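Encoded as structure tokens, the structure appears first; notes follow it.
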Amino acid sequence: MRVKLLSEGLQRNGIKITRKELEDVVKNFKHPVPITIGHPKSDTAPAVGFFEKVELKDDGLYGEYSLSPLGQILLSSNNYRNVSAGLRKKPDGSWYLHHVALLGAVPPAGEDAEPLKIVNLSDEEGEDFHFEIELANDTKYVSYAKTDYPVCLDCDWDKDSAMKRIVEKGGWDLLSKCVGAVEVDEEGKLPEAYSRYKFPYCDVKDGEVVIVAKAVSSGLAFLSG
């Protein structure tokens, strides 16, 4: 997907962006540039997507990006609508794109930066997105997360009750699609133990699976420390 990131002129924070600085960003771009939750203050902050390419047009700087399952969930929750380009200076004085931040309550410095849009994570029509994460303790986590469920902004959140309702509705297979990651065994089979399903973000409401905004915020708070 493509989105406008930055334009020439005076920004809300009082910084003036010139054409030369935008040209620097294009010249110095090295992909992938991470999409972060706010402007990161440490290297432990998670990336929720990446910008693969930037392009300078007459009306400003544009970029092409992809989102992780967590990034999709955050946008689905409607709590992170704005983006802010994080520029840094190189030793030679030229500028480069260090990161792109998702912003919630604070508006971006650039007045015409476009919000990111949710894209289909499926590799092919009807195929669920799937990836594996190897952690330092050799425990394997696999994500089968789906992010195309409806979003409930005012649902209460009780993790244990929600996970039980999901299993009652569709078994462990459905639960695997409603959490960020699953701790699988050596054969890669789905476990039948709630403790091995990490970062749940869904519940069942009126018989249908929904993404719970409060669950997304709770998971985000955990990741952010």
Side-chain angles (χ1 to χ4, degrees), residues 1-121 123 129 131-136 143 147 180 216 219-225:
M1 296 288 288
R2 175 177 293 186
V3 68
K4 186 176 183 180
L5 287 172
L6 204 56
S7 294
E8 298 175 64
L10 190 66
Q11 310 297 299
R12 285 194 181 98
N13 57 9
I15 296 175
K16 186 176 182 180
I17 299 295
T18 68
R19 187 75 175 181
K20 170 64 168 56
E21 288 162 347
L22 296 182
E23 290 172 350
D24 283 350
V25 170
V26 174
K27 180 183 68 176
N28 293 327
F29 183 80
K30 291 185 179 180
H31 68 83
V33 169
I35 300 172
T36 60
I37 305 163
H39 292 288
K41 292 181 171 53
S42 80
D43 57 8
T44 62
V48 298
F50 293 94
F51 271 80
E52 315 289 347
K53 179 182 178 181
V54 292
E55 180 182 8
L56 187 57
K57 295 188 174 184
D58 291 341
D59 61 338
L61 182 71
Y62 287 76
E64 294 183 5
Y65 66 93
S66 60
L67 291 168
S68 71
L70 177 58
Q72 295 276 26
I73 294 167
L74 292 175
L75 289 190
S76 296
S77 73
N78 211 34
N79 291 328
Y80 293 86
R81 293 288 297 165
N82 298 313
V83 297
S84 177
L87 304 185
R88 300 284 174 85
K89 265 189 179 181
K90 297 182 67 176
D92 63 6
S94 64
W95 292 86
Y96 71 99
L97 185 62
H98 178 266
H99 66 274
V100 176
L102 294 181
L103 301 183
V106 178
E111 295 192 16
D112 57 353
E114 297 175 348
L116 300 190
K117 301 174 181 64
I118 298 174
V119 295
N120 184 7
L121 281 175
D123 294 330
F129 186 81
F131 70 99
E132 294 187 1
I133 308 168
E134 293 288 347
L135 301 183
S143 178
T147 59
V216 176
L220 176 59
F222 179 86
L223 289 172
S224 300

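The structure presented is a predicted model; accordingly, all values stated were derived computationally and were not measured.
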Looking at Lys4 and Asp59, does any basic side-chain N land under 4.0 Å from a carboxylate oxygen?
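Yes, Lys4 and Asp59 are salt-bridged.
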Let me confirm one number: the [atom1]-[atom2] distance from [X] to [Y], rounded to the nearest 0.5 Å.
X     : Y     : atom1 : atom2 : answer
Leu5  : Leu97 : CG    : CG    : 6.5 Å
Ile35 : Leu67 : CD1   : CG    : 5.0 Å
Glu55 : Glu64 : CD    : CD    : 7.5 Å
Lys20 : Glu8  : NZ    : CD    : 12.5 Å

Evaluate side-chain contact (heavy atoms from CB on, under 4.5 Å) for Val3 paired with Tyr62, printing each intermediate quantity in order.
CA-CA 6 Å; Val3 68; Tyr62 287 76; over 6 Å; no
If you apply the rule side-chain contact (heavy atoms from CB on, under 4.5 Å), what do you find for Leu22 with Leu6, and how did you get there?
CA-CA 8 Å; Leu22 296 182; Leu6 204 56; 3.8 Å; yes
Close side-chain approach of [X] and [Y], heavy atoms under 4.5 Å:
X      : Y     : value
Leu56  : Arg19 : yes
Val100 : Thr36 : no
Leu87  : Tyr96 : no
Ser94  : Lys89 : no
Arg88  : His99 : yes

Trp95 backbone acceptor or donor facing Asn28 side chain under 3.5 Å:
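Here the side-chain-to-backbone pair exists.
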I need the minimum non-hydrogen distance between Ala47 and Pro34, along with the two atoms involved.
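Scanning both residues, the minimum pair turns out to be CB-CB, 3.9 Å.
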